[in-house]
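See structure below.
We name chains A, B, ... by the order of the sequence lines, and we start the count at 1 in each one.
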Amino acid sequence: MRILNNPAIIIRHLNYGEADRIVTFFTRDHGLLKGFARGARKSRKRFGAALEPFSEARLYWTEPTGDGLAALKEAELTDLHLGLRQDLDIISLASYACELVEGLIGEGHPHPEAFDLLKALLDHLNHNEPTWEARLLFEIRLITLAGYAPHFLHCSKCGITFSDRGIFFEAELGGSLCPQCLPGRKVLSVSLLTLGSLARSLQTPLTLFEGFRFSSQTTREAHAILEQILSLHLLHPLKSLSLLDRSMPLPSA
Amino acid sequence: MLNSISYFAKLVAELAKFPGVGQKTATRLAFFILTQPQEEAEALADTIRDLKRKVHFCPICFQMTESDPCQICADPRRDRNLLCIVEEPQDVLAIERSHAFKGQYHVLHGALSPLDGVGPEDLKIAELEERLQAGEIKEILIATNFSVKGETTALYLARLIKPRGLRVTRLAHGIPLGSDLEYIDQGTVGRAIEGRQEF
């Protein structure tokens, strides 16, 4: 049977039986996969700490069989991201990022850019404080990579380019809206500054998280916009949000 | 065919509820029980019944016990100023085997897991805070596992307990006794170097 190998980030693992583990991992060229690691808990030699969540490793596996699980053969640890495990707020944000990848990028779809994005965020959090900027940048970039980017700087219905007042947002209708195209229900009111910040952040390199600074108003508005987009496209609410909301409350006005 | 033997099928269904036991293993176990002498099978049934009737979790530390409170909580020779926090009841047994700890325990019955939605309210953390309120405990030894879940729990507990002015310590981590350095993973070696001690 052919053995495949690829750089991967461990998303989560589940103990199975006496000594085995079922591991969810995100590979660069084969997308999100689930694998069975026989004896992973008993023998530390074959896998070591490489199957811990947030670890980056080169994994070796054989293709999934009938049960949909790849058989994990070996792991070479590249980066344990030890810095991530030393702060509760960082763990919360890293867990959220991993769960978001799981939610937006389906199993088995190769997505090298999404892999690079997640790797860059974990590398960033390994050495830096968790910030709202990092969270929002990750969210908007992943939403875009998953193909759900909304219209920001012009009305998603009539296409008019916005001046500075009276801009609204409704993810279900494709993004930003001018006052003439409003639906007959309450929608988010947003500022051009926030939409501009989000649009500009998409022009920056995918893996860059340093050097961004959003005002508290931009942060709150951008969060409301991205939350709306995510709830539209995620099949289930994310479990990691309960801890993240406690760790990173929204900045006050 | 086996489904037509209702008592057998019922036992297979019950055994298959065990963690890590699937239909095949459950069927094998059921066959084994069937081939045992009558008294062996009845002894197993009695033991399961007794376990549920007589063993419960200690109302103070939440360790398994037959007495109320458990032997460790009731033992006057144990240091009441020192409390060790562990994830599961079997972790208490592991620490007791070392004969190195003379304090008391608190079993959380799990670990925080953001990705699985396991939060502080799902663990015995409110009960821990009640114990700390009593004021007898001076030092907390956090002995959760060295996994992401265990570390998350340790960080959460440290954040919760430190403002009370108690001494908070964490189980040391490093190279296992009797092991060769060349086979130890980079994370463990890194932590062992960070936590090196004066010789």
Side-chain angles (χ1 to χ4, degrees), chain A residues 10-22 24 41 43-55 57 67 75-100 102-103 236-247, chain B residues 16 18-22 24-26 87-88 90 110-123 125 142 144-162 170 173-176 178-195:
Chain A
I10 308 300
I11 304 287
R12 64 168 88 215
H13 64 224
L14 179 76
N15 289 342
Y16 185 84
E18 274 196 14
D20 310 326
R21 267 189 177 143
I22 294 174
T24 305
R41 285 151 70 204
S43 161
R44 304 288 294 163
K45 278 182 192 155
R46 192 148 60 125
F47 297 112
L51 300 185
E52 277 292 296
F54 318 141
S55 287
D67 57 5
E76 288 163 7
L77 185 65
T78 318
D79 193 342
L80 191 56
H81 288 123
L82 262 183
L84 290 181
R85 296 150 158 248
Q86 289 167 24
D87 182 288
L88 188 61
D89 301 340
I90 295 179
I91 292 176
S92 307
L93 184 53
S95 303
Y96 169 72
C98 287
E99 200 182 2
L100 200 56
E102 239 186 336
H236 313 284
L238 300 187
K239 290 175 176 172
S240 54
L241 267 178
S242 70
L243 188 63
L244 183 66
D245 288 344
R246 269 181 261 190
S247 281
Chain B
F18 282 57
V21 176
K24 273 187 189 165
T25 309
E87 289 180 21
E88 301 293 348
Q90 51 269 41
L112 291 180
S113 178
L115 278 165
D116 301 310
V118 179
E121 56 287 342
D122 301 308
L123 310 177
I125 289 180
I142 303 176
T144 52
N145 289 331
F146 289 95
S147 58
V148 170
K149 288 179 192 175
E151 304 269 26
T152 308
T153 313
L155 289 164
Y156 180 85
L157 291 174
R159 191 180 278 187
L160 189 78
I161 297 165
K162 274 190 176 173
R170 178 88 169 104
H173 35 75
I175 314 296
S179 58
D180 287 351
L181 207 51
E182 68 169 307
Y183 293 113
I184 308 294
D185 66 84
Q186 50 163 272
T188 307
V189 175
R191 287 280 180 106
I193 290 171
E194 269 175 32

Contacting moiety of A:Phe54, where chain B heavy atoms sit under 4.5 Å: side chain
Portion of B:Phe18 that has a non-hydrogen atom of chain A nearer than 4.5 angstrom: neither
Residue-level interface, residues 237-244 of chain A with chain B, non-hydrogen cut-off under 4.5 Å: A:Lys239, A:Ser240, A:Leu243
Segment of A:Thr78 engaging chain B (4.5 angstrom heavy-atom cut-off): backbone
CA sep, side-chain torsions, deciding dist, call: A:Glu52, A:Arg85, salt bridge (charged side-chain N to carboxylate O under 4.0 Å, His left out): CA-CA 11 Å; A:Glu52 277 292 296; A:Arg85 296 150 158 248; 3.2 Å; yes
Validation row: B:Phe146, B:Arg170 side chains within 4.5 angstrom (heavy atoms): yes
A:Ser55 vs A:Leu51 side-chain heavy atoms within contact, under 4.5 Å: no
Quick one: side chains of residues 116-123 of chain B, donor-acceptor pairs under 3.5 Å with protein atoms, not counting sequence neighbours, listed by atom name and distance.
residue, atom, partner, partner atom, Å
B:Asp116, OD1, A:Arg12, NH1, 3.1
B:Asp116, OD2, B:Ser113, OG, 2.6
B:Asp122, OD2, B:Gly119, N, 2.9

Side chain to side chain donor-acceptor pair (under 3.5 Å) partners of A:Glu76, counting only residues at least two apart: A:Tyr60
Results of side chain to side chain donor-acceptor pair (under 3.5 Å) for B:Tyr156 - residues two or more places apart only: none
Min side-chain heavy-atom separation B:Pro176-B:Ile184 under 4.5 Å: yes
